[in-house]
2 protein chains.
Amino acid sequence: MDADKVFKALGDPTRRRLLDLLCEKNGQTLGQLCENLDMARQSATQHIDLLEAANLISTVKRGREKLHFINPVPLHEVYERWVRKFERQRLSLLHDLKQELEGDDQ
Amino acid sequence: MDADKVFKALGDPTRRRLLDLLCEKNGQTLGQLCENLDMARQSATQHIDLLEAANLISTVKRGREKLHFINPVPLHEVYERWVRKFERQRLSLLHDLKQELEGDDQ
DNA sequence: TTGACATGCAGGTATTTACCTGCATATTAT
DNA sequence: ATAATATGCAGGTAAATACCTGCATGTCAA
């Protein structure tokens with residue numbers, strides 16, 4: 001997983017909207033997705049290219065249409081690498097903070 | 001949670017490094033963090049400001065020092081909103097794809 | 001108090017990003 | 001074949017981003 005590409009791809013509301021749209025109905029065409037976006041088709045294509053580069057979606061050509069499918073694997077890897085690791089700290093946060101404030105930084 | 005701020009904050013290698021550094025040792029000062037960064041202190045401060053705005057870290061002043069603590073809550077919310085939702089699709093992806101390729105789009 | 005130290009604040013610049021318009025190509029239907 | 005449709009490709013611009021330098025402020029220690 002390329003964490004940089006994945007997080008940058010997720011760091012834009014249009015691209016998150018695209019993922020939500022595909023979550024509602026997988027396999028939509030570019031035209032269908034654009035109907036929900038309020039921007040030029042060409043702009044949407046650029047967003048989709050970034051999602052593809054991050055491997056968050058896959059596309060298939062069918063005739064003159066381009067179908068789009070979600071790939072949830074990178075999101076799972078984000079979870080493994082960036083969520084689980086820091087969740088373990090969750091309970092100890094207040095403890096650490098209190099210690100530091102008390103100057104007890106052994 | 002402001003998903004935009006959180007994902008944009010995570011979409012930069014320096015800021016992810018800062019989170020990793022704080023995961024190794026919570027409560028570090030700005031100076032300590034900068035020793036591991038290879039950029040001007042002022043640049044690091046700007047990265048930290050974004051992490052704070054995304055609520056991914058909290059800071060406390062102790063004398064002339066500024067201590068930094070990880071806040072894992074937004075990461076957990078990212079998981080709830082952006083990982084679990086799409087994980088459910090995981091098993092059905094190949095199914096959807098096959099159906100579309102066969103033109104069986106009922 | 002004075003010097004050293006940790007951090008804050010205010011611009012300045014080069015790159016990246018998110019849009020756009022215009023035109024080209026490829027596929028389908030008449 | 002021709003027209004309509006779906007998408008691809010090539011720039012162009014304004015805003016955001018990630019750095020930097022220079023200087024100011026606040027804290028500690030001698």
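All chains are named by letter (A, B, ...) in the order of the sequence lines, taking the proteins before the strands, and each is independently numbered beginning at 1.
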Colleague: Among C:dT7, D:dT7, D:dC19, which nucleotide sits nearest the side chain of B:Glu65?
Modeller: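 Nearest to the side-chain atoms of B:Glu65, counting from C-beta on, is C:dT7.
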Colleague: Is any NZ, NE, NH1 or NH2 atom of the basic residue among A:Lys8 and B:Asp12 found under 4.0 Å from an Asp or Glu carboxylate oxygen of the other?
Modeller: no
Colleague: Ignoring backbone atoms, test whether B:Lys66 places a side-chain nitrogen or oxygen under 4.0 Å from the OP1 or OP2 oxygen of C:dA6.
Modeller: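 Answer no for this pair, as no side-chain N or O of B:Lys66 is under 4.0 Å from OP1 or OP2.
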Colleague: Under 4.0 Å from OP1 or OP2 of D:dT17: is there any side-chain N or O of B:His47 that close?
Modeller: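 It does not, given that no N or O in the side chain of B:His47 lies less than 4.0 Å from OP1 or OP2 of D:dT17.
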Colleague: Kindly say if A:Ser43 contacts the phosphate of C:dA18, meaning a side-chain N or O under 4.0 Å from OP1 or OP2.
Modeller: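 Answer is no, no contact under 4.0 Å.
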Colleague: Hey, can you tell me if B:Trp82 and B:Phe86 have their rings parallel, tilted or perpendicular (30° and 60° cut-offs)?
Modeller: parallel
Colleague: DNA chain C: A:Arg41 or A:Leu50, which has the more 5' nearest nucleotide?
Modeller: A:Leu50
Colleague: Determine: side-chain N/O of B:Arg15 to OP1/OP2 of D:dA18, distance under 4.0 Å, yes or no.
Modeller: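 So the side chain of B:Arg15 is within the cut-off, an N or O lying under 4.0 Å from OP1 or OP2 of D:dA18.
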Colleague: Using whole Å, report how far CD of B:Gln42 lies from C1' of C:dT13.
Modeller: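 Interatomic distance, CD of B:Gln42 to C1' of C:dT13: 16 Å.
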Colleague: Relative to each other, are the rings of B:Phe7 and A:Phe7 parallel, tilted or perpendicular (30° and 60° limits)?
Modeller: tilted
Colleague: B:Met1, B:Leu50: one ILVMFWY side-chain cluster at the under-4.5 Å cut-off?
Modeller: no
Colleague: B:Leu30 side chain: which of D:dT5, C:dG8, D:dC20 is closest?
Modeller: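 So the side chain of B:Leu30 is nearest to C:dG8.
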Colleague: Among D:dT17, C:dC20, C:dA18, find the nucleotide with the atom closest to the side chain of A:Met39.
Modeller: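 Selected nucleotide (nearest to the side chain): C:dC20.
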Colleague: Counting only distance, no hydrogens or angles, is the base of D:dT7 paired donor-acceptor with the side chain of A:Arg64 under 3.5 Å?
Modeller: no
Colleague: Could you state the CG-P distance from B:Leu18 to D:dC19, rounded to the nearest angstrom?
Modeller: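 Taking CG of B:Leu18 and P of D:dC19, I get 11 Å after rounding.
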